[in-house]
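In what follows, a structure is listed as structure tokens, so that the remarks can point back to it.
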Amino acid sequence: MIVIENMDTTDPTQKRLWSTQAGWSLLLAASVLIYGSHAPLITLCKVDGKVPFSSSSCVVLIELTKLLVSLWLLLVWDLHSLRGALSWRHVLPYAIPALLYAVNNNLVVYMQVHMDPSTFQVLSNLKIVSTALLYSAFLRKRLQPVQWLAICLLMMAGVCHTYSSLDNTEQEKDQAVVGTHFHISGPGLLLVLTYTLVSGLAAVYTERILKTQRLPLNLQNFFLYVFGVLVNFSIHFTHTSPGFFEGFSPLVWAIVASQALNGLLMSVVMKHSSNITRLFVISCSMLVNAALSVWLFGLQLTPLFFVAVLLIVLAIHLYYHVS
């Protein structure tokens, strides 16, 4: 069973919403569906094999949508609770996650020079272990050995799923597949390690400030997404890209809406549960991704995919059986 921590019992609306296991299960299921549908939606948007819209424009709109929804929820639900004095001491910590995520987005670009995309996809699964390590260290959450084993199994499941996807990609290019070749330089390995650590740090730091500050979640989200909008707007205008709304279609707007919703749901997960729960949600989304890919694109599942499923199920049992 997933434990919901730090429940704000002083807010009757949130208490009614999240007190039942059914409501929490619905939230997690929605996140799994949104995570799993993201890649298939992007594939459906492609024109002649290329994404027709600016990814930076899409990110800005996602952050802006989260900001506006957070502001609306704040005015409707939590305005009465804003009687205490607020200072920059409450606001400035939320700039750090936005900057960390911006650093990581740029690292992804630089890493492509030092490794092939297949290597990056496989090694990026190290984020699972780095997030768990930082979660344990900075939030002082002691994990049992069997729970560490579950985390490692989750990482192995990610590697198996990634590798099975790479096999399918190679089969599309050449029916006579010999194997997938990997290449990475010394600086590339250092960049991957930096990328995984920064990614984990951004997630764990966000969880820490959400839990330690005694502020309504909607206000915390508002602060978080103000900086998200500012940072991503700055990044967008420093890169040469198509028109802001060029290539946008109903499917692109669906991506914006779904990712904005998922960001808000993940803030609830990090405030009332943990980043470990978020990792399991992301891993479970592989199943949704695969199911949609089979249905929409005729993806052929490989034995490695079923190994990944088995590892995920085993990891869930080991981790939450202990907790």
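For reference, positions follow the sequence shown, starting with 1.
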CG-CG distance between Leu219 and Leu74, expressed to the nearest 0.5 angstrom: 5.5 Å
Shared hydrophobic cluster for Val47 and Val51 (ILVMFWY, side-chain gaps under 4.5 Å): no
Closest non-hydrogen atom pair between Val69 and Leu264, with its separation: CG1-CD1, 3.5 Å
Full working for side-chain contact (heavy atoms from CB on, under 4.5 Å) between Tyr225 and Leu68: CA-CA 9 Å; Tyr225 300 134; Leu68 294 176; over 6 Å; no
Ser136 side chain near Arg142 side chain, heavy-atom distance below 4.5 Å: no
Close aromatic pair by centroid cut-off 6.0 Å: Phe280 and Tyr320: yes
Candidate pair Cys160 and Phe305, rule side-chain contact (heavy atoms from CB on, under 4.5 Å), full reasoning: CA-CA 6 Å; Cys160 289; Phe305 169 77; over 6 Å; no
hydrophobic_cluster_shared for Val59 and Met266, side chain cutoff 4.5 Å: no
Thr196 (side chain) donor-acceptor with Val192 (main chain) under 3.5 angstrom: yes
Tyr94 vs Thr206 side-chain heavy atoms within contact, under 4.5 Å: no
Chi angles and distances behind the side-chain contact (heavy atoms from CB on, under 4.5 Å) call for Leu197, Leu201: CA-CA 6 Å; Leu197 287 173; Leu201 182 60; over 6 Å; no
Atom pair CG (Leu143) and CD1 (Ile276), whose distance is rounded to the nearest 0.5 Å: 6.0 Å
Nearest atoms (heavy-atom pairs only) where His114 meets Gly188: CB-CA, 3.4 Å
Interatomic distance, Asn275 atom CG to Leu134 atom CG [nearest 0.5 angstrom]: 9.5 Å
Residue pair Met286 / Gly158: nearest heavy atoms and the distance that separates them: CE-CA, 3.4 Å
Joint cluster assignment, Ile151 & Leu310, ILVMFWY side-chain distance < 4.5 Å: no
Pair Phe233 + Phe237: ring centers closer than 6.0 Å: yes
Heavy-atom check, side chain of Gln220 versus side chain of Lys271, under 4.5 Å: yes
Where Gly263 and Lys66 come nearest, the two heavy atoms and their spacing: CA-CD, 3.9 Å
Pair Ser56-Asn232, side-chain hydrogen bond (donor to acceptor under 3.5 Å, both in side chains): steps then yes or no: CA-CA 7 Å; Ser56 60; Asn232 285 287; over 6 Å; no
Any side-chain heavy-atom pair of Asp78 and Leu73 under 4.5 Å: no
Student check: side-chain heavy atoms of Ser258 and His38 closer than 4.5 Å: no
Approximate separation, where rounding is to 0.5 Å, of Cys284 SG and Tyr35 OH: 12.0 Å
Test item: Ser130 side-chain N/O and Lys127 main-chain N/O as donor-acceptor pair under 3.5 Å: yes
Phe245 with Leu251, same ILVMFWY side-chain cluster at under 4.5 Å: yes
Heavy-atom side-chain contact between Leu41 and Ser37 under 4.5 Å: yes
Val146-Met156 co-clustered via ILVMFWY side chain contacts under 4.5 Å: yes
Straight-line distance of Ser293 OG to Gln300 CD, nearest 0.5 Å: 12.0 Å
Any Leu301 side-chain heavy atom under 4.5 Å of Ser164 side chain: no
N/O donor-acceptor pair under 3.5 Å between Gln147 side chain and Gln144 backbone: yes
Derivation of the side-chain contact (heavy atoms from CB on, under 4.5 Å) call for Val269 and Glu207: CA-CA 9 Å; Val269 169; Glu207 179 180 345; over 6 Å; no
Any side-chain heavy-atom pair of Phe248 and Leu61 under 4.5 Å: yes
Ser273 backbone acceptor or donor facing Lys211 side chain under 3.5 Å: yes
Closest approach of Ile255 to Cys45 (non-hydrogen atoms, all atoms of both residues): CD1-SG, 3.9 Å
Candidate list Ile62, Leu224, Asn221, Val226, test side-chain contact (heavy atoms from CB on, under 4.5 Å), partner Leu67, passing option: Val226
Considering all heavy atoms, the nearest Ser70-Phe222 contact: CB-N, 3.9 Å
From CG (Leu100) to CD1 (Ile96), nearest 0.5 Å: 7.0 Å
Side-chain donor or acceptor of Asn262 paired with backbone N/O of Ile34 under 3.5 Å: no
